[in-house]
Structures are given as C-alpha cells and as structure tokens.
Protein chains: 2
Amino acid sequence: MAAAARVLHEQGVERTTLADIAQAADVPVGNVYYYFKTKDELIQAALSEHSAHLDQLTARLEQMTDPRARLKALIETWIEQRDLAARRGCPTGTLAVELDKRTEGDLDAEAGALIRRLLDWASGQFRELGLPDPDDLALTLVAGYQGMSLMANALRDPGIMSREGDRLLRWVDTLQLPDRNPSPRTR
Amino acid sequence: MAAAARVLHEQGVERTTLADIAQAADVPVGNVYYYFKTKDELIQAALSEHSAHLDQLTARLEQMTDPRARLKALIETWIEQRDLAARRGCPTGTLAVELDKRTEGDLDAEAGALIRRLLDWASGQFRELGLPDPDDLALTLVAGYQGMSLMANALRDPGIMSREGDRLLRWVDTLQLPDRNPSPRTR
DNA sequence: GTCTATATGCAGATAGAC
DNA sequence: GTCTATCTGCATATAGAC
C-alpha cells in the first residue's frame, strides 16, 4: 500500500502499471493480485494511505493548544514539502485531478472526500478561534495550498511554495476576532 | 485540433484514445495520422489551441484602459466558467498536472510555459498599476485561480468558483498604491 | 500465500487501396 | 488526401504449479 501510494503519486495513476508498483514493493507482479483484485482496488489502497497520513498530521497538530498555531504549523508542513510538491505536486490534489477524469467507478468521489476532510478540520480550527464564516476561511486556506502546489509543480519551482506559504502564514496572523459588542442593542 | 483540445480536457490525456479524438472530429482514425504523426503531436496541438485562447482573452481584456478593470474582468471570466471548472477543472491546469507526471518528452514544460504566459500578463497589469512586487501579486492571483478550480473540480461544486472568485475580486480592489513620498530623505 | 507463465484486450501506429 | 484493415506491443488480469 505504501509503495502504491508513492509510485501512483510519482508517476500518476494512468501511467503507473501494476508491474511498477510490484517492483517498488519488491514482490512479483502476480502476487499483487492476491491482495488486490483490480487496479482500482490498489488506487483505493493508496487513498487509504493518504487518509491515514492526514489523520497522523491532524493528530500531531492537535497537540498544540492554540488553533491558530495549529493552522500555522499546517502551513509550515506544506512549505517543508516544497521540493516534493515542485517535482510531483500535492499527492491528494494531483490524485483528485486524475481521478476526476474518470467517468466509471466512484474513486473520484473518494479523492474529493479526502480533501473535504482536510477542509472540515481547518474549518473547525477557524471556528474555535471564533472567526466568522469558518467554512469560507478553510476553503481559502486549502485552495491556497492546492493552488501553490499546482503552480510550483507546473513551473518546477519550490520557491513558489515558500513565497505563497509565507503569504498564507501572514494571512492567518492577520485574521481578527470580530467585535463582540458591535451594537448596544444587544440584550 | 479543437476536438483534441476539448476531448483531452474532458477525458484527460491518458484516458483519451486517438479513436476518441477522431470520433469527436468526425474523421476515421487512420486519417488523424496524416496530420499528426504521434499522440504527443496531438497533445501539442491541444496546447496550441489553449495558447491561442489565451491570446484571444488577453487581447479582449486589453481593450480596457484600466489595468485593474482588466484583472477584474479576467476573474469574472473565470467565474463565468464555473460549471466547466467544476466538471473538468481548468483546462490548462489539469493538463499541466497530467503532463508533469511524464518523464520522457518535454510536453510538461510547454504546459508550464503556458501558465507562465498568463502569469507574465497579470504581472504586467499589476506593474502598470504601480504596485510593488507585481510578480508576487500575479503568482497569488493565478495560484488562487488554479486552487479554486481544483477545489471546485474535486468537490464538484461550481459555487466554490463564485465564492473564491468574489474573494479575488475584493482582493484586487483593496490593493493600494504605496505612498510615493514615504520619507523626506528622498532627494 | 507466493510466484511463473500465459491469456485477453486494447491503444498506438502503419500499410496500402482508393 | 482519405479511409480500411491490420500489425505490434504492452498492461490488466488469470491459471495453476509450488
């Protein structure tokens, strides 16, 4: 499963053969079929891997008490992955793009669900901060990440991850709590 | 070439067969090879189509005198394409993601070059406005577009294009000219 | 459970009639 | 230039020995 996730990310879903994955996992080709009946099941396994990584990441971030610090640590993590992002793009994002081109099967929805989980987690942090429209803020954050990853990948420039990542860090810093007593009418 | 551009965008590069393109163009398969020796040449032709579309777009925008209005019109164009973006993603962006997975050939660089041309055009507009770091602003703009397109596509939600597009419009509006005489030291 | 050998289908590419 | 028929290679998937 780890080999599948890695190779599918590196080479893309459609250009990766089962032989590639088998070789990366150091097992003969036929053996793969004992555990995964079809290539689609292998792709699903890769999605599970990414899902587990997301769980690990959020669990680590939640050890911090301040939601704003968690969000900034998330962005720092993205920046640290800049070289990989420039070479191969965001693992989940590029997977979503590829799978969305498929009409049959429902793997595309699963990639979307994975992104939505990140979105929901981020939304929860903004909500904890008491900020208005946490869903919108989460969307801006994750879209920002996907955008900078795609640009870094397309232009083969990890510096883009640093520049846009820093901008996101500053953005998170500037978000202000709304005035709690905007009007004397309240109560 | 138009059929190639359309079908390659809809189905993705790797899942599109020459038969698909031939059928969309209403010519028999073998005939395609009279004009395009390989599938790669067809992909290149699709890139040329996208390039021509970009030229048409910027030419149209440059009829406006105010660079800020041009940028806002660009964003409006993106928002108008929200349904296509939600179903298939940004034509150039998804192409870049797919082609970047290829090791052999140099098509990936051409997709990147196309994105860079948009980047350069946007940078020119910010520069005309006299704003500092026009390249960074252009990067933020185009990354924002790619990010919202990918999210709209992954979540199958055109509303994302509207929400994030509106945010970009407000962002362009808030960009201020720097103080021209910040210090009496000058001269 | 593991592995080799093989079947099947299809996509890219070509030959050659018209 | 156009089109049909066909070749070739390769990727998914299977059969079956061990």
Side-chain angles (χ1 to χ4, degrees), chain A residues 1-50 88 91 94-111, chain B residues 1-50 88 91 94-111:
Chain A
M1 286 175 70
R6 189 177 69 252
V7 178
L8 286 174
H9 175 219
E10 286 173 2
Q11 307 188 350
V13 171
E14 306 297 343
R15 295 185 73 82
T16 297
T17 69
L18 297 180
D20 292 333
I21 296 174
Q23 190 175 14
D26 205 37
V27 295
V29 202
N31 197 358
V32 174
Y33 281 95
Y34 183 78
Y35 295 96
F36 306 96
K37 274 190 272 296
T38 63
K39 185 178 180 178
D40 274 18
E41 286 192 17
L42 256 179
I43 298 170
Q44 190 141 17
L47 281 165
S48 296
E49 282 286 299
H50 290 304
R88 310 292 180 181
T94 58
L95 204 49
V97 168
E98 282 198 276
L99 295 181
D100 272 317
K101 298 299 185 189
R102 300 188 153 205
T103 45
E104 80 277 2
D106 55 351
L107 287 170
D108 54 336
E110 294 195 38
Chain B
M1 286 175 68
R6 189 177 70 252
V7 178
L8 286 174
H9 174 218
E10 287 174 1
Q11 308 189 347
V13 172
E14 307 297 344
R15 293 187 73 83
T16 297
T17 68
L18 297 179
D20 291 334
I21 296 174
Q23 190 175 15
D26 204 37
V27 295
V29 203
N31 197 358
V32 174
Y33 281 96
Y34 182 78
Y35 295 96
F36 306 96
K37 275 189 271 294
T38 63
K39 184 177 180 179
D40 274 19
E41 285 192 18
L42 257 179
I43 298 170
Q44 190 140 17
L47 281 165
S48 296
E49 283 285 300
H50 291 303
R88 310 292 181 181
T94 58
L95 205 47
V97 168
E98 283 198 275
L99 295 180
D100 272 318
K101 298 299 185 189
R102 301 188 152 205
T103 45
E104 81 278 1
D106 54 351
L107 286 170
D108 54 337
E110 293 195 39

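Everything numeric here is computed off the predicted structure, so don't read it as measured data. Sequence lines set the chain letters: A, B, ... in the order given, protein chains first and strands last, and positions in each chain run from 1.
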If you measure from [atom1] on [X] to [atom2] on [Y], what distance do you get to the nearest 0.5 Å?
X         : Y        : atom1 : atom2 : value
Arg88(A)  : Arg6(A)  : CZ    : CZ    : 11.5 Å
Leu99(A)  : Ile43(A) : CG    : CD1   : 6.0 Å
Leu107(B) : Glu98(B) : CG    : CD    : 12.0 Å
Tyr35(B)  : Glu41(B) : OH    : CD    : 14.0 Å
Leu18(B)  : Lys39(B) : CG    : NZ    : 6.0 Å
Leu47(B)  : Leu8(B)  : CG    : CG    : 9.0 Å

Exam field: side chain Lys101(A) to backbone Thr16(B), donor-acceptor pair closer than 3.5 Å
no
Under the salt bridge (Lys or Arg N to Asp or Glu O under 4.0 Å) test, residues paired with Asp108(B) that sit two or more places apart
Arg156(A)
Hey, does Leu95(A) have a side-chain heavy atom less than 4.5 Å from the side chain of His9(A)?
no
Taking only heavy atoms on the protein side, list every residue of residues 34-41 of chain B lying under 4.0 Å from any atom of DNA chain D, sorted numerically.
Tyr34(B), Tyr35(B)
Could you run through nucleotides 4-10 of chain D and give me one letter per nucleotide, 5' to 3': B if any protein heavy atom sits under 4.0 Å from the base, S if only the sugar-phosphate is that close, - if neither?
B------
Which atoms form the tightest heavy-atom contact between [X] and [Y], and what is the distance?
X         : Y        : value
Val29(A)  : Ala22(A) : CA-CB, 3.8 Å
Ala111(A) : Ala96(A) : CB-CA, 3.7 Å
His50(A)  : Pro91(A) : CE1-CB, 3.5 Å

Taking CD from Gln23(B) and P from dC3(D), how many angstroms apart are they, rounded to a whole number?
14 Å
Round to the nearest Å and state the distance from Leu18(B) atom CG to dG12(C) atom P.
4 Å
Looking at residues 6-14 of chain A, who's got a heavy atom less than 4.0 Å off DNA chain C?
none
Do any of residues 42-49 of chain A sit with a heavy atom less than 4.0 Å from DNA chain C, and if so which?
none
Within residues 8-29 of chain B or reaching into it, pairs that qualify as salt bridge (Lys or Arg N to Asp or Glu O under 4.0 Å) - sequence neighbours excluded:
Glu14(A)-Arg15(B), Arg15(A)-Glu14(B), Glu104(A)-Arg15(B), Glu14(B)-Arg102(B)
Measuring to OP1 and OP2 of dT14(D), would you say a side-chain N or O of Tyr33(A) lies under 4.0 angstrom away?
no
